[in-house]
Amino acid sequence: MSDDNRHQSRWLSRRSALKSGLAGSAALLAGCSSNSDGGDGSGGTGTQTGEPVQERVDKRFTMALHRGTYKMSNASWNPYDPNGSMANFDPPGLIYDPTVVWYHSHNEGQGVIAKDWEKEDETTFLVELSEEWEWHNGDPVTTADWKTDWDLNFRTSEITSPDAEPHSVVSDYEAVDDYAMRFHLHDSFSTQHVLQHAVATNLMIKEDVGDPSFGDWRDRLMDADAESDEASQIVADFQEWSPSLDQVVGNGAFEIKEVTDSTFVTEVYDGHPKADDINFTEFAFEKHSDQVLAFMEEEVDGISLNLPASPDVMNKLPKRHNINRDYNHVWSLLFNFGNYDWANSPAENPSNQPITSDRRVRHAIASAVDREEIFASVPQQYELYELPSTFLNQSTVDEGLVDVEGYDYYKVDNKEATALMEEAGYQRDNGKWYGEDGEPASLRLIAQSGTSVQVDALDSARHQLKEFGFDVTLDAVDEATYGEARLNGDHDIIFDNHPIFSLTGLTYVGFVWEWFANLNHADYVNTTWEIPAEIGNPDASETMEINVIDTIEQIPLTDSSKPLQKLTWFVNQVLPMYNCVVGRDYGAINATEWVVDAPEALLDNRVAEFNLVRVPDATLAPKQK
């Protein structure tokens, strides 16, 4: 997921809240330095030896292009182009610096261009930019450029979506002076929420860049009547426009040197505050049809993602430092709740009434299925999910952001599973479960035939559930059929995945909960569930009520962890999905040639390859011979 939250208001409502204030103050991150050189527990090859060079040497660091479709020589350099795929990784992420780097798994921010920030009162937030940053033509980076970006953001939203708030956090903004911006907030959001969802963004717009310039487009949009056809046409023209490559001016540690269809080459910009600490000359991207193969054959020095590969490939990789280590997803037995009667439900004429709509049946299934057997059945690059079922990864638990003590692991317990089925009204006869109507307790499992992890995992689940007494059918179908069937509710269980690289996965409404509403066929907006009242005690005698979206709305308004704790407890107890295996997706840098040294938070989260060359307490350097 991109760290660039510039346009979140276009796809997130104000309910798209992330827990804030859990991990400390707004001070700069002071994480531990990592000298493990790959011995980080996520597939590295152990500690490597070697010291970094002490002065700049003539050497190029080359990354494989993460997105093979990115146009090198004729890319759009307008972040408002909806078709340009411009984001804060790959070439744009290298030549532009952010105000703040946000470390998702650790729920902390580290200032880059922004040197200080504070909440002046409940709904006012002040950000001060460093005076050390300059554009690659020597102009200072000031609030005039940042405000131009906000002007474009708000004005295009006012024209295209007049009934919606332009931004989910910020209601208004002003440039106090050349280096200070004041933001007026919709609500009394915590500091960390404002940092992540409003402040932490790459500064990619320079007011006078382009012909016409970004500033010219801003003025044309401001001058037009927002309700007129003229304004709509200006927006359309602006979104299709891009400054030419020779007009692009960055502000990062590297500036553009040469661009071809297959290579994007930059060189150190000596006016950057960290330039004196960068001891190599060039940073480049290359297109490769197989990024992992390119790394294995040492055609490139690093890749952003796509590891782990199969074990035989992993064994052939060079010694490496692992980066972007927490970009993970968990594969789960995901249950159909069978609620098709809510607004925007994707189901058309649904006929399946799943027995998994009963929470006791879901709990029984989780207690009957051994996820270690599922883990043993899937391809070897997957790992066992060893936490209780939540949206959390190990880093967030280790950081203490959520306490999972007492959460239900649903360990294999045939006696417990049997009692739950009987409580739900089922009887077992000759080893088979039957409902009160005398019909077999049937489960339909569907998987994509071309996705081995789905087929293999559900085949293991099918076998185990059949042994327990369910009448189980597993249908392996093509991708189109699978997509239609799961949205139409033609299943009881699917094996699907969702991100767990950060707390973000728990709290994005449009990006996660609305999507899972489509898969679970559960109305998370209007439904109130009862869960055990004592968090961490599944056997508590009293219950409490929870509405998912209402709880998410409370998270950014408090420094307390209680709303987030309550939300994870809901996932664990209502059990919309039973987490089974983790699919990691991390990157690597060649440890034979390069030294990497950085805080754990930086290495855990996305775009570490860029943060290594722009954050003061991080190092990417050639190794001494």
Side-chain angles (χ1 to χ4, degrees), residues 13-22 187-190 193 332 334-345 353-367 388-392 401-410 416 419-420 423-425 498 503 505-510 512-579:
S13 69
R14 284 188 61 199
R15 292 180 166 187
S16 307
L18 182 66
K19 174 67 189 91
S20 304
L22 284 176
D187 214 328
S188 55
F189 299 120
S190 67
H193 184 76
S332 308
L334 194 144
F335 300 111
N336 184 358
F337 284 51
N339 183 355
Y340 309 113
D341 298 324
W342 49 275
N344 301 319
S345 169
Q353 293 301 316
I355 65 175
T356 49
S357 62
D358 190 317
R359 181 167 60 176
R360 293 165 297 189
V361 174
R362 298 194 298 275
H363 283 209
I365 290 171
S367 297
S389 286
T390 62
F391 275 85
L392 304 175
L401 303 182
V402 176
D403 181 6
V404 297
E405 183 177 357
Y407 280 41
D408 205 330
Y409 278 83
Y410 300 99
E416 173 71 9
L420 286 164
E423 184 183 335
H498 56 83
L503 298 179
L506 258 176
T507 52
Y508 275 152
V509 175
V512 172
W513 286 101
E514 288 179 7
W515 173 236
F516 275 107
N518 292 332
L519 303 184
N520 288 131
H521 298 279
D523 184 358
Y524 292 113
V525 174
N526 298 306
T527 302
T528 298
W529 279 272
E530 287 192 357
I531 58 177
E534 184 183 348
I535 294 177
N537 180 12
D539 300 319
S541 57
E542 297 184 359
T543 61
M544 61 178 170
E545 293 185 341
I546 180 173
N547 175 279
V548 169
I549 307 304
D550 289 347
T551 304
I552 289 174
E553 285 185 323
Q554 297 303 310
I555 291 173
L557 302 177
T558 176
D559 288 336
S560 169
S561 64
K562 289 182 179 178
L564 184 64
Q565 193 80 57
K566 188 175 179 181
L567 189 62
T568 61
W569 184 234
F570 161 85
V571 175
N572 184 253
Q573 290 299 296
V574 171
L575 205 65
M577 66 281 294
Y578 177 54
N579 304 150

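Only this structure's heavy atoms are used, side chains among them; waters, hydrogens and symmetry mates stay out.
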Problem - Note, V404 side chain near T568 side chain (heavy atom, < 4.5 Å) - result: no
Problem - Min side-chain heavy-atom separation N537-P532 under 4.5 Å - result: no
Problem - side chain to side chain contact (heavy atoms under 4.5 Å, CB included) between F516 and M577, worked out - result: CA-CA 10 Å; F516 275 107; M577 66 281 294; 3.7 Å; yes
Fill in the blank from the handout: When rounded to the nearest 0.5 Å, the distance separating CG of D187 from CZ of F189 is 5.0 Å
Fill in the blank from the handout: Shortest non-hydrogen pair, I549 vs V525, comes out as CG1-CA, 3.8 Å
Problem - Heavy-atom side-chain proximity of F337 to R362 below 4.5 angstrom - result: yes
Practice task
Kindly indicate whether the side chain of V548, heavy atoms from C-beta on, has any atom under 4.5 Å from the side chain of W513.
Solution key: yes
Practice task
Heavy atoms only: give me the nearest D408-P388 pair and the separation to one decimal.
Solution key: O-CB, 3.7 Å
Handout entry: side chain to side chain contact (heavy atoms under 4.5 Å, CB included) between T390 and Y407, intermediate numbers included
Key = CA-CA 9 Å; T390 62; Y407 280 41; 4.0 Å; yes
Practice task
Would you kindly say whether T528 and N547 are connected by a side-chain donor-acceptor distance under 3.5 Å?
Solution key: no
Exercise for the section: Report yes if some heavy atom in the side chain of L567 is under 4.5 Å from a heavy atom in the side chain of F391; otherwise report no. Expected result: no
Exercise for the section: Look up atom CG in N579 and atom OH in Y409, then write down how far apart they are to the nearest 0.5 Å. Expected result: 11.5 Å
Exercise for the section: Measure across A424 and D358 and return the closest heavy-atom pair with its distance rounded to 0.1 Å. Expected result: CB-OD2, 3.8 Å
Practice task
May I ask you to decide if D403's main-chain N or O and Q565's side chain share a donor-acceptor pair within less than 3.5 Å?
Solution key: yes
Exercise for the section: With the side chain counted from C-beta on, respond yes when P354 and F335 share a heavy-atom pair under 4.5 Å apart, and no when they do not. Expected result: no
Handout entry: Heavy-atom check, side chain of W569 versus side chain of I531, under 4.5 Å
Key = yes
Handout entry: Spacing of Q573 atom CD and H363 atom NE2 [to the nearest 0.5 Å]
Key = 5.5 Å
Completion exercise
Output for pair (F570 CZ, L575 CG), nearest 0.5 Å, gives 10.0 Å
Exercise for the section: Please answer whether the main-chain N or O of D341 pairs with a side-chain N or O of S345 as donor and acceptor at a distance below 3.5 Å. Expected result: no
Practice task
May I ask you to test the R359-W529 pair for a side-chain heavy-atom distance under 4.5 Å?
Solution key: no
Exercise for the section: Answer yes or no: is there a donor N or O on one side and an acceptor on the other, between the side chain of N520 and the main chain of N336, under 3.5 Å? Expected result: no
Problem - Residues I555, H193; criterion side chain to side chain contact (heavy atoms under 4.5 Å, CB included); working and verdict - result: CA-CA 9 Å; I555 291 173; H193 184 76; over 6 Å; no
Problem - Minimum heavy-atom distance between T551 and I546, given as atom pair plus value - result: OG1-CG1, 3.3 Å
Exercise for the section: Find the distance between CG (L557) and OG (S188) and round it off to the nearest 0.5 Å. Expected result: 5.0 Å
Fill in the blank from the handout: To the nearest 0.5 Å, atom CZ of R360 lies from atom CD1 of I355 at 12.0 Å
Handout entry: Closest heavy-atom pair and its distance - H521, W342
Key = C-NE1, 4.2 Å
Exercise for the section: Verify, without hydrogens or angle tests, whether Y410 (side chain) and I365 (backbone) share a donor-acceptor contact under 3.5 angstrom. Expected result: no
